[in-house]
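Just so you know, these numbers use all the heavy atoms, side chains as well, and skip hydrogens, waters and symmetry mates.
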Amino acid sequence: MLTVSATIGLAFVGYLATYLNGLRLAQRQARLTRVNLQLSELYGPLFALMETNGRVYDTFAEKYARPDGRDPFRHEIPPTEQELAEWRLWATTVFIPNIQAMRDVVVGKADLLIEEEMPPVLLQLCAHVAGYEVTAARWEEARYEEHLSLIAFPGRELKQYTREQFIRLKGEQAKLLGRRGVLRRRGG
C-alpha cells in the first residue's frame, strides 16, 4: 500500500508532468502562431511580390531586348526615346508600385523579421524605392533626365533572401504542425 507521502509525491509528479507538458504545448502553439504571422504578413507577401516583380521585369527585358538579347538599360548604346517612354510606362504602372508594396511590407511588419536587426538587403530595398520615388516625381514634371533609381535594386540578393527565409519558415511551420517531408526548392 502506498503511504500518504508516496501518494502526495506521485500526485505532485503527475501535476508537474502535466504542467510541463502544457507549458511545452503552449510554447509550441505560440511559436506556430508567430511563424504563421511571419509567413502571412511579411515573408509570404515579400516573396510573392519579389517573384512577381522578377517575372514582369524578365518579360519587359525580353519584349524590349536589343538584337544581342540585352535589355536597353544593360547595353552600351543608350535607350531610345521610345524605349525610355515604354520604360516609364512599365515603371509607373508595375515596377514602382510593386517595390513600394515590398517596402511597405518590410517597414510595416519589421517586428516579424527573423533577424534581430534589419538585414542590409532590406535597407537597400527601402533606399532603392526612395530613389525611384524621386525619379517618378520628376517624370510627373516631364523631366526625363533620369530613368532609374540612383540607388541600385538588390535583385539577386533580395530574391535569394526572400526565397531562403520563406522556405525556412515553411519548413518550421511543417515541423510544428507535425508534418514530415522536406520542402523542395522550385526553379530559379
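Salt-bridge formation is detected for the pair Glu83/Arg66: a Lys NZ or Arg NE/NH1/NH2 atom is positioned less than 4.0 Å from an Asp or Glu carboxylate oxygen. Taking the charged nitrogens against the carboxylate oxygens, Lys63 and Glu86 have no contact shorter than 4.0 Å, which rules out a salt bridge. Taking the charged nitrogens against the carboxylate oxygens, Glu51 and Arg55 do have a contact shorter than 4.0 Å, which makes a salt bridge. Taking 4.0 Å as the cut-off between side-chain N and carboxylate O, Lys159 and Glu164 do not count as a salt-bridged pair. Ion pairing of Glu145 with Arg143 is present here, as a side-chain N (NZ or NE/NH1/NH2) and a carboxylate O approach within less than 4.0 Å. Using a cutoff of 4.0 Å between basic side-chain nitrogens and carboxylate oxygens, Glu133 and Arg103 are scored as salt-bridged.
Interatomic distance, CD of Gln173 versus CG of Asn36, reported as 5.0 Å (0.5 Å rounding). With rounding to the nearest 0.5 angstrom, the NE2 atom of His147 is 4.0 Å from the CG atom of Leu84. With rounding to the nearest 0.5 Å, the separation of CD1 in Ile96 from OG1 in Thr135 is 7.0 Å. One finds the CE atom of Met50 at 6.0 Å from the OG1 atom of Thr162 (value rounded to the nearest 0.5 Å). With values rounded to the nearest 0.5 angstrom, Leu46 atom CG is found 13.5 Å from Glu41 atom CD. For the atom pair Asp104 CG and Leu49 CG, the distance stands at 10.0 Å (nearest 0.5 Å).
In this structure, the side chains of Arg34 and Leu112 come closer than 4.5 Å at one or more pairs of heavy atoms. You'll find the side chain of Val106 stays beyond 4.5 Å of the side chain of Leu113, heavy atoms only. Side-chain contact between Lys175 and Glu172: absent, with no pair of heavy atoms (C-beta onward) separated by less than 4.5 Å. Within the 4.5 Å cutoff, the side chain of Tyr43 has no heavy atoms near those of the Lys170 side chain. The closest side-chain heavy-atom distance from Phe153 to Ile99 is below 4.5 Å. Between Thr92 and Trp139, the closest side-chain pair of non-hydrogen atoms falls below 4.5 Å. Residues Val107 and Cys126 have side chains in contact (heavy-atom distance under 4.5 Å, counting atoms from C-beta outward). Met102 has its side chain out of reach of Val129: every pair of non-hydrogen atoms, C-beta onward, lies at least 4.5 Å apart.
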**Report entry** Val56 vs Asn98, side chain to side chain contact (heavy atoms under 4.5 Å, CB included): CA-CA, chis, key distance, verdict
**Finding:** CA-CA 10 Å; Val56 174; Asn98 222 1; 5.7 Å; no

Query - Criterion side chain to side chain contact (heavy atoms under 4.5 Å, CB included) on Glu62 and Asp58, from CA distance to verdict - result: CA-CA 6 Å; Glu62 187 177 304; Asp58 290 346; over 6 Å; no

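The two atoms that bring Leu39 and Pro45 nearest to each other are O-CD, 3.4 Å, heavy atoms only. Residues Leu125 and Pro154 come closest through the heavy atom pair N-CG, 3.9 Å. In terms of heavy-atom proximity, Arg28 sits nearest to Leu176 at NH2-O, 2.9 Å. Nearest heavy-atom pair across Pro97 and Ala91 is CD-O, 3.6 Å.
Hydrophobic clustering (side-chain heavy atoms under 4.5 Å, transitive across Ile, Leu, Val, Met, Phe, Trp, Tyr) groups Phe47 together with Leu37. Two different hydrophobic clusters hold Ile151 and Tyr132 under the rule that ILVMFWY side chains link at heavy-atom gaps under 4.5 Å. Under a hydrophobic clustering in which Ile, Leu, Val, Met, Phe, Trp and Tyr are joined whenever their side-chain heavy atoms come within less than 4.5 Å, directly or via other members, Leu148 and Val94 fall into the same cluster. One hydrophobic cluster, built from ILVMFWY side chains closer than 4.5 Å, cannot hold both Phe73 and Val134; they sit in different ones. Cluster membership check: Leu169 shares its hydrophobic cluster with Met118, using side-chain heavy-atom separations under 4.5 Å among Ile, Leu, Val, Met, Phe, Trp and Tyr.
Counting non-hydrogen atoms of other residues, nucleotides and ligands closer than 6.0 Å to CZ of Arg88 gives a total above 12. Atom CD of Glu117 has 12 or fewer heavy atoms from other residues, nucleotides or ligands within 6.0 Å. The number of heavy atoms from other shown groups lying within 6.0 Å of CD (Glu141) is above 12.
Ring-plane geometry between Trp87 and Tyr57 is classed as perpendicular, the angle between the planes exceeding 60 degrees on a 0 to 90 degree scale with a lower cut at 30. Using the six-membered ring where Trp is involved, Phe60 and Phe95 have ring planes that are perpendicular, over 60° apart on the 30 and 60° scheme.
Remark: the Glu115 side chain and the Gln165 side chain contain an N/O donor-acceptor pair separated by less than 3.5 Å.
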